[in-house]
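Counting convention: from 1, in listed order, for ligands and their atoms alike. Position 1 is the first residue of the sequence; numbering continues from there.
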Amino acid sequence: MSGLLAEALGAAAGGCALLLIVIIIIVLCLQHRKRTSDSSESGFSDQALPESQEARCLSLEELNFATRNFSNGNLIGQGTFGEVYKGLLQDGTIVAVKRRHSPPSQEFIQEVNYLASLCHWNLVKLLGYCQEDGMQMLVYEYISNGSVSTHLHGNSHALGSRLEFKKRLSIAHGTAKGLSHLHSLTPPAVHMNFKTSNVLVDEDFAPKVADTGIPGMLDRLGVTGLSSRTFNDPFVEPRMKEAMNLNFSIQSDVYSFGVFLLELISGRKAVSDQCIIQHRASRNQVTSP
Ligand SMILES: *[C@@H]1O[C@H](CO)[C@@H](O)[C@H](O)[C@H]1NC(C)=O
Ligand SMILES: *[C@@H]1O[C@H](CO)[C@@H](O)[C@H](O)[C@H]1NC(C)=O
Ligand SMILES: *[C@@H]1O[C@H](CO)[C@@H](O)[C@H](O)[C@H]1NC(C)=O
């Protein structure tokens with residue numbers, strides 16, 4: 001009887017995995033097709049948002065007010081671009097402000113306008129920027145319910161929660177839409193730092209891809225955005241690690257998306273094989289004199 005149960009469970013798990021794979025293939029196929037309006041399904045629109053795509057120039061005064069002078073209490077993280085602060089603008093919008101030390105530059109504004117043009121329901125929206133006081137800042141909409149990584153693996157404050165399979169499926173679907181929107185642009189936009197901790201969810205668990213285009217932007221601004229990626233990162237394609245060449249492309253984004261799916265389905269952290277090799281090597285060093 002337990003054999004029967006195991007068989008049934010195995011079949012169910014296999015069926016679910018198959019369903020997921022079919023959905024992913026459909027999403028990837030959609031990318032190559034002419035987009036027809038199918039915004040009826042699941043309330044998500046495939047089209048870019050019709051709103052204005054210009055990023056607003058905000059004053060340091062406004063941002064100081066919003067983040068209580070960038071107080072430590074408002075610090076919510078550290079990203080590729082720099083420290084991230086939560087803030088409340090005077091019009092009531094809750095925002096995430098990323099900032100880094102850098103003198104003002106015209107290229108930064110060009111890059112900001114490019115980032116703001118990458119607009120989709122499943123991408124975290126860039127609202128504005130600020131260049132003052134030796135700082136460059138990016139102002140994003142605040143996504144309230146944390147990252148998929150926190151939901152799966154927990155963090156220092158919270159244990160990972162059990163995400164229902166249905167939610168995981170809709171997160172996978174929405175995330176694929178966000179990423180495939182980037183890839184469908186001409187020229188295609190490459191995310192370059194796609195990973196589970198860069199997929200945020202709102203209060204309805206709709207996924208929003210964060211950090212889009214930031215590594216490429218830093219690279220173009222002459223900052224070491226890409227080379228700072230460690231070779232232990234399981235989201236980076238092994239082929240690129242072997243070639244010691246972080247040559248990001250649509251293909252490498254899709255590889256990262258695969259690792260994300262693996263984490264989403266298994267609920268476990270992906271570990272780089274490089275890590276395992278190093279771990280073994282260090283263990284061997286300990287045992288051999
Ligand atoms: C922020 O700094 C300004 C000037 O130093 C000060 O007047 C203001 O009270 C500070 N605001 C907060 C919320 O700490
Ligand atoms: C996410 O949203 C759910 C339901 O809206 C809520 O119960 C939960 O506390 C939220 N989690 C986080 C990390 O904000
Ligand atoms: C990066 O990859 C593309 C194709 O994937 C190739 O055309 C290009 O030459 C590569 N660049 C480097 C620096 O290897």
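Leu63 is listed as a side-chain neighbour of Leu89, based on a closest heavy-atom distance under 4.5 Å. Between Leu218 and Arg100 there is a side-chain heavy-atom pair separated by less than 4.5 Å.
Ring centroids of His191 and Phe248 are separated by 6.0 Å or more, keeping the two rings apart.
Ring pair Phe257/Phe260 is tilted by interplanar angle, where 30° to 60° counts as tilted.
A distance of 7.5 Å separates OG in Ser102 from CG in Leu221, rounded to the nearest 0.5 Å.
For the pair Glu164 and Lys166, the salt-bridge criterion is not met [side-chain N within less than 4.0 Å of a carboxylate O].
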Which pairs of N or O atoms, one from ligand 1 and one from the protein, are separated by less than 3.5 Å, and what is the distance for each pair?
{"from": "ligand 1", "atom 1": "2 (O)", "to": "Asn69", "atom 2": "OD1", "distance (Å)": "3.4"}
{"from": "ligand 1", "atom 1": "2 (O)", "to": "Asn69", "atom 2": "ND2", "distance (Å)": "2.3"}
{"from": "ligand 1", "atom 1": "11 (N)", "to": "Asn69", "atom 2": "ND2", "distance (Å)": "3.0"}
{"from": "ligand 1", "atom 1": "14 (O)", "to": "Asn69", "atom 2": "ND2", "distance (Å)": "3.3"}

